[in-house]
Asks: 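To start, I am sharing the structure in question, which I have written as structure tokens.
If you're wondering where the values come from, they're calculated on a predicted model, not measured in any experiment.
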Amino acid sequence: MQARKKYVLLGLCACCWLVLFYCGGGVQLRLLRLLTRHRSDVLRPWPNWTDRAFLPRYAHLDELQTDPGSAESPRQRRQAWSTVYRDSRCRMDTCFDFSRCRRRGREGFRVYIYPAEKGDRVSESYRKILTSIAESRYYTPDPREACLFVLGIDTLDRDQLSGQFVPNMDERIRSFPSWNDGRNHLIFNLYSGTWPNYTEDLGFNVGQAILAKASLNTEHFRPGFDVSIPLFSKDHPQKGGERGWLLRNTTPPRRKYLLMFKGKRYLTGIGSDTRNALHHIHNGKDIVSLTTCRHGKDWEKHKDARCDHDNLEYERFDYQELLHNSTFCLVPRGRRLGSFRFLESLQQAACIPVLLSNGWELPFSDVIQWNQAVIEGDERLLLQVPSTVRAVPNKRVLHLRQRTQMLWDAYFSSVDKIVLTTLEIIKDRVFSHVSRNRYMWNYLPGGLLVLPEFSTHLAHFPFYYLGLGVSPGHEFTAVIHAVSPLVSQSQPIMKLLQVVSRSKYCSQIIILWNSEKPPPSRSKWPPMPVPLVVTDGRRKTTSRFLPHVAIETEAVLSLDEDTVLLTSEVNFAFLVWRSFPDRIVGYPPRSHFWDLLKHAWGYTSKWTNEYSIVLTGAAFYHRYYNFLFSHYLPQSLRTLVDRTSNCEDILMNFLVSAATHLPPVKVAQRKQYKEVPPPQGTKSAPWANPEHFTQRQECVNTFASWFGYMPLVHSQLRLDPVLFKDQVSVLRKKYKDLERA
């Protein structure tokens with residue numbers, strides 16, 4: 001009986017739960033409505049804006065249904081784009097002929113420029129682009145060898161109102177024998193569209209051509225196919241360019257002004273909405289946002305009630321002073337999505353760019369991680385920008401500054417770098433199996449100086465040891481440059497072989513034979529505890545920096561045949577190099593200087609308190625620099641070195657300093673070190689030639705001209721053993737031989 005009562009009670013409880021389950025939802029809904037109704041009855045206070053009089057109280061229905069910046073709907077814009085760019089779905093796999101590029105491996109990536117026709121006007125900016133391609137290692141004058149084609153017709157400015165607009169483009173490009181609907185063609189463009197909408201219409205059908213375009217919209221950007229480039233002015237330098245202005249980091253990193261902007265305000269047309277609203281965030285204290293409507297021919301016809309006040313406030317502040325004293329720089333869109341201020345703010349590394357350009361595909365977005373260099377805002381949420389930048393911690397401010405400096409120096413400081421970055425991105429797409437990764441593109445020295453043909457593994461390069469937490473190898477390969485015939489067993493090269501081979505770090509010795517006479521047989525060379533390889537240098541001075549297959553170690557000890565060293569000196573220099581694997585570490589120093597009288601660079605071998613060059617007659621460096629020397633530098637510079645049989649050491653120092661922005665490292669050597677006169681019957685030393693020094697002066701200026709700036713960096717550092725010259729027992733010193741007279 002008791003059990004039956006329990007089952008009845010359990011059944012009643014189950015029925016009650018079912019009723020609550022089905023009916024409870026309605027109760028919860030009613031409670032939710034009561035709560036929301038109660039909250040909606042509470043009035044939210046509207047912020048008390050100081051410029052309340054300028055804010056409209058409501059928007060008309062017509063204004064909400066139309067876009068004030070454009071009379072076209074999004075659907076109409078997409079239809080207009082599809083009619084001009086019929087191949088909007090192009091990708092490398094569908095619109096690019098890889099067979100033209102892979103005939104000779106990665107060496108098959110060649111770029112051909114169509115010759116300009118008579119009467120064609122070419123803008124200064126486009127001339128610089130064509131010059132950069134023609135002077136690059138990828139240029140070919142033969143269209144049959146080309147993987148990529150570039151138009152000789154100026155396509156940078158496609159605004160029909162511009163004086164540089166070229167008409168009848170469709171007819172002209174179709175007449176090119178290799179056009180093939182644009183396949184394997186690269187088209188550069190900075191300005192597209194015209195007043196009032198400034199659409200991305202180039203005025204001709206680009207077909208299947210790759211667009212390298214500024215102010216690209218993300219809706220029209222073809223990922224993995226097009227390349228977004230920055231908007232740059234006609235005054236942008238061809239080569240080199242100015243270094244970023246971040247000389248040192250200050251702590252705390254905040255400047256006098258938190259956020260700044262000073263520029264034009266558009267009264268009408270596309271782009272006016274954002275710039276017309278910038279005055280709302282101006283407080284005249286830590287946020288300075290200044291605009292002027294005094295630009296253009298008929299600005300007074302469209303001036304509003306705020307123009308006079310804005311123009312007066314605009315003149316109170318100096319633009320350069322604001323840039324140097326602001327933590328963040330506002331970069332709003334102009335008539336087009338891109339703006340000249342983007343590159344200006346990148347160079348001002350102390351001023352972090354804050355972008356206000358919705359839909360802008362940032363330059364080189366395929367490879368650059370922009371979230372580590374800029375802050376991207378939303379044009380529709382302008383009033384939230386001040387609170388956003390205030391919330392950025394000091395640690396991140398320092399990181400953003402350093403990254404903007406790196407990106408400016410690596411990819412944007414000159415037209416050369418912008419063009420070469422574009423070509424390298426396309427090349428990585430063509431040879432995707434041998435390409436750079438994101439780390440290589442976004443960390444020093446940048447993708448242009450990291451050649452994937454050498455390796456795609458980070459640990460094989462001298463720049464990434466510290467970041468990876470690894471150290472270079474414990475052995476080195478000695479490469480001795482021999483130019484004199486072997487006539488005596490007492491020649492300096494014979495003693496040098498013995499000294500180097502006794503080093504416990506020496507893996508092998510390579511003799512690069514550049515003498516006019518054939519090399520002697522192996523029996524003529526002394527016995528050594530390490531392998532000895534004699535290779536033909538083909539009597540070229542640059543052969544000492546060829547990426548020889550026999551070099552298997554990371555460290556290379558470059559030696560002249562008449563170098564005089566001790567084994568302990570070699571060991572100490574090698575250990576120093578392992579701490580500085582990205583630099584040249586050696587003994588004989590030289591320096592450069594600016595000659596005010598000649599207005600040119602000078603070269604000196606005097607012993608002074610500073611140096612900028614370490615001669616490769618006795619120096620360690622990473623073997624990757626051999627590959628960079630042979631594949632990155634132009635053939636013209638290597639030909640100059642071979643013709644004069646001079647300056648190869650200076651050129652290597654230029655290259656390493658350009659990659660690292662650091663000076664070489666000099667180590668201690670014996671004080672009594674002197675040049676040994678060559679034995680009778682052997683070739684005289686090069687410095688005995690009176691033209692030798694003059695040639696080196698000319699080389700410094702020629703190399704600086706090609707780089708576009710002077711990459712050499714002065715240093716006053718010399719590294720000695722810890723107990724060097726100390727008044728302690730000689731038995732306690734590890735490198736006691738360095739102090740012997």
Asks: Whether Asp378 and Arg380 form a salt bridge (side-chain N of Lys/Arg under 4.0 Å from carboxylate O of Asp/Glu) is what I want to check.
Replies: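 The answer is yes: the pair qualifies as a salt bridge.
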Asks: For the CD1 atom of Ile426 and the CZ atom of Phe225, what is their distance to the nearest 0.5 Å?
Replies: 9.0 Å
Asks: Would Thr388 and Gln384 count as having a side-chain donor-acceptor pair, cut-off 3.5 Å?
Replies: no
Asks: Any sub-3.5 Å donor-acceptor pair from Ser326's side-chain atoms to Met260's backbone N or O?
Replies: no
Asks: Do Arg335 and Tyr266 form a cation-pi contact, if we require the NZ or CZ to be under 6.0 Å from the six-membered ring centre and within 45 degrees of the ring's axis?
Replies: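 Yes.
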Asks: What is the minimum heavy-atom distance between Leu190 and Pro230, and which atoms define it?
Replies: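 Smallest heavy-atom distance, with atoms named: CD2-O, 3.9 Å.
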Asks: Taking it one step at a time, do Val354 and Phe261 satisfy side chain to side chain contact (heavy atoms under 4.5 Å, CB included)?
Replies: CA-CA 10 Å; Val354 180; Phe261 173 77; over 6 Å; no
Asks: Under 4.5 Å between any side-chain heavy atoms of Thr291 and Lys262, yes or no?
Replies: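 Counting from C-beta outward, Thr291 and Lys262 never come under 4.5 Å.
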Asks: Does any non-hydrogen side-chain atom of Leu211 lie less than 4.5 Å from one of Val227?
Replies: no
Asks: Taking distance alone, no hydrogens or angles, what donor-acceptor pairs closer than 3.5 Å link side-chain atoms of residues 440-452 to residues at least two apart or in another chain?
Replies:
{"unit_1": "Asn442", "atom_1": "OD1", "unit_2": "Gln369", "atom_2": "N", "d": "2.8"}
{"unit_1": "Asn442", "atom_1": "ND2", "unit_2": "Val367", "atom_2": "O", "d": "2.8"}
{"unit_1": "Asn442", "atom_1": "ND2", "unit_2": "Arg438", "atom_2": "O", "d": "2.8"}

Asks: Between Ile133 and Val150, does the side chain to side chain contact (heavy atoms under 4.5 Å, CB included) criterion hold? Intermediate values first, please.
Replies: CA-CA 9 Å; Ile133 297 174; Val150 175; 3.9 Å; yes
Asks: Might you work through the salt bridge (Lys or Arg N to Asp or Glu O under 4.0 Å) test for Lys128 and Asp416, ending with a clear yes or no?
Replies: CA-CA 8 Å; Lys128 291 179 179 179; Asp416 257 11; over 6 Å; no
Asks: Could you tell me whether the side chain of Phe96 reaches within less than 4.5 Å of the side chain of Val430, counting heavy atoms only?
Replies: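 In short, these two side chains touch, coming nearer than 4.5 Å.
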Asks: Look at the side chain of Ser413 and the backbone N and O of Glu242, then say whether any donor-acceptor pair between them is shorter than 3.5 Å.
Replies: no
Asks: Do the side chains of Asp286 and Arg254 get close enough for a salt bridge, i.e. N-O under 4.0 angstrom?
Replies: no
Asks: Apply side chain to side chain contact (heavy atoms under 4.5 Å, CB included) to Ile352 and Arg401, showing your working.
Replies: CA-CA 6 Å; Ile352 301 163; Arg401 279 183 184 166; 4.1 Å; yes
Asks: Return yes if some donor-acceptor pair links the side-chain N/O of Asp201 with the main-chain N/O of Gly193 below 3.5 Å, else return no.
Replies: no
Asks: Contact between Leu628 and Leu655 at the side-chain level, heavy atoms closer than 4.5 Å - yes or no?
Replies: yes
Asks: With a 3.5 Å cut-off and no angle check, do the side chains of Tyr257 and Lys285 form a donor-acceptor pair?
Replies: no
Asks: I'd like to know whether Leu383 forms a side chain to side chain contact (heavy atoms under 4.5 Å, CB included) with Leu381, so could you lay out the CA-CA distance, the side-chain angles of the two residues, the decisive distance to 0.1 Å, and finally the verdict.
Replies: CA-CA 6 Å; Leu383 300 180; Leu381 303 175; over 6 Å; no
Asks: Closer than 3.5 angstrom, by distance alone: can the side chain of Glu379 be matched with the main-chain N or O of Asn358 as a donor-acceptor pair?
Replies: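 Here the side-chain-to-backbone pair exists.
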Asks: Heavy atoms, side chains only, cut-off 4.5 Å: are Ser435 and Arg429 in contact?
Replies: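 They are not in side-chain contact.
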Asks: If only side-chain N and O atoms count, and only distance matters, is there a donor-acceptor pair under 3.5 Å linking Asp154 with Ser123?
Replies: yes
Asks: Which is it for Tyr439 and Tyr464 under the ring pair (Phe, Tyr, Trp, His ring centres under 6.0 Å) test, yes or no, and what are the steps along the way?
Replies: CA-CA 10 Å; Tyr439 192 96; Tyr464 307 122; 5.5 Å; yes
Asks: Heavy atoms only: give me the nearest Arg390-Ile287 pair and the separation to one decimal.
Replies: NH2-CD1, 3.6 Å
Asks: Taking the side chain from Thr155 and the backbone from Leu151, do they hold a donor-acceptor pair closer than 3.5 Å?
Replies: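 No.
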Asks: Measure from the side-chain N and O atoms of Ser414 to the backbone N and O of Pro237, and report whether any donor-acceptor pair falls under 3.5 Å.
Replies: no
Asks: Supply the atom-to-atom distance Leu407 CG to Thr404 OG1, rounded to the nearest 0.5 angstrom.
Replies: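 It comes to 7.5 Å.
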Asks: Quick one: SG on Cys351 to CG on Leu323, what's the gap to the nearest 0.5 Å?
Replies: 5.5 Å
Asks: Of all residues at least two apart in sequence or in a different chain, which pass the side-chain hydrogen bond (donor to acceptor under 3.5 Å, both in side chains) check with Ser162?
Replies: Asp157
Asks: Between Asn276 and Arg265, do the side chains contain an N or O donor and an N or O acceptor separated by less than 3.5 Å?
Replies: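 Per modelled atom types, Asn276 and Arg265 side chains form a pair under 3.5 Å.
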Asks: If I compare all heavy atoms of Leu458 with all of Leu468, which pair ends up nearest, and what's the gap?
Replies: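 So the minimum-distance heavy-atom pair works out to CB-CD1, 3.7 Å.
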Asks: For atom CG of Leu466, is the number of surrounding heavy atoms from other residues, nucleotides or ligands below 6.0 Å larger than 12?
Replies: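 Incorrect, the count does not exceed 12.
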Asks: Strictly by modelled atom types, are Thr292 and Asp310 linked by a side-chain donor-acceptor pair under 3.5 Å?
Replies: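 The criterion, which ignores hydrogens and geometry beyond distance, is not satisfied for Asp310 and Thr292.
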Asks: Using 4.0 Å as the upper bound for N to carboxylate O, is an ion pair formed by Arg333 and Asp273?
Replies: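 Result for this pair is no, no salt bridge flagged.
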Asks: Between Asp304 (side chain only) and Cys307 (backbone N and O only), is there a donor and an acceptor less than 3.5 Å apart?
Replies: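 Indeed, once roles are kept as given, a pair shorter than 3.5 Å links the two residues.
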Asks: Please tell me whether Phe340 and Phe232 form a close aromatic pair, meaning their ring centres lie under 6.0 Å apart.
Replies: no
Asks: For the rings on Phe221 and Trp360, is their centre-to-centre separation under 6.0 Å?
Replies: no
Asks: Is any side-chain heavy atom of Ile418 closer than 4.5 Å to a side-chain heavy atom of Phe364?
Replies: yes
Asks: Side chains of Ser192 and Glu200: any donor to acceptor distance under 3.5 Å?
Replies: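 Distance-only check fails for Glu200 and Ser192.
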Asks: Counting only heavy atoms from other residues, nucleotides and ligands, does the tally under 6.0 Å from NZ of Lys239 exceed 12?
Replies: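 More than 12 within 6.0 Å, yes.
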Asks: Under 6.0 Å from the ring centre and within 45 degrees of the ring axis: does the NZ or CZ of Lys417 meet both conditions for the six-membered ring of Phe412?
Replies: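 Judged by the rule, Lys417 and Phe412 form no cation-pi pair.
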Asks: What class does the angle between the rings of Phe707 and Phe654 fall in, given that below 30° is parallel, 30 to 60° is tilted and above 60° is perpendicular?
Replies: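 Aromatic pair Phe707/Phe654 classed tilted.
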Asks: Should Glu424 and Arg436 count as an ion pair when the cut-off is N to O under 4.0 Å?
Replies: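 So Glu424 pairs with Arg436 through a salt bridge.
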Asks: Quick one: does Asn283's side chain get under 4.5 Å of Val288's, heavy atoms only?
Replies: no
Asks: What distance do Arg403 atom CZ and His399 atom NE2 have between them, rounded to the nearest 0.5 Å?
Replies: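 Answer for the CZ-NE2 pair, Arg403 versus His399, is 4.5 Å.
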Asks: Please determine which of Thr131, Ile129, Val419 meets the side-chain contact (heavy atoms from CB on, under 4.5 Å) test together with Gln238.
Replies: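 Single side-chain contact (heavy atoms from CB on, under 4.5 Å) partner of Gln238 among Thr131, Ile129, Val419: Thr131.
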Asks: Between Ile187 and Phe204, is any pair of side-chain heavy atoms under 4.5 Å apart?
Replies: yes
Asks: Counting only N and O atoms by type, is there a donor-acceptor contact under 3.5 Å from the side chain of Ser228 to the main-chain atoms of Leu216?
Replies: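 Not confirmed, Ser228 side chain does not pair with Leu216 backbone.
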Asks: Could you measure the distance from the OG atom of Ser357 to the CZ atom of Arg341? Nearest 0.5 Å is fine.
Replies: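 Interatomic distance, Ser357 OG to Arg341 CZ, rounded to 0.5 Å: 13.5 Å.
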Asks: Hey, what do you get for CG (Asn189) to CZ (Arg158), rounding to the nearest 0.5 Å?
Replies: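 Reported to 0.5 Å precision, the distance equals 8.0 Å.
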Asks: Centroid-to-centroid, Phe342 to Trp408, below 6.0 Å?
Replies: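 Not close enough - the centres of the two rings lie 6.0 Å or further apart.
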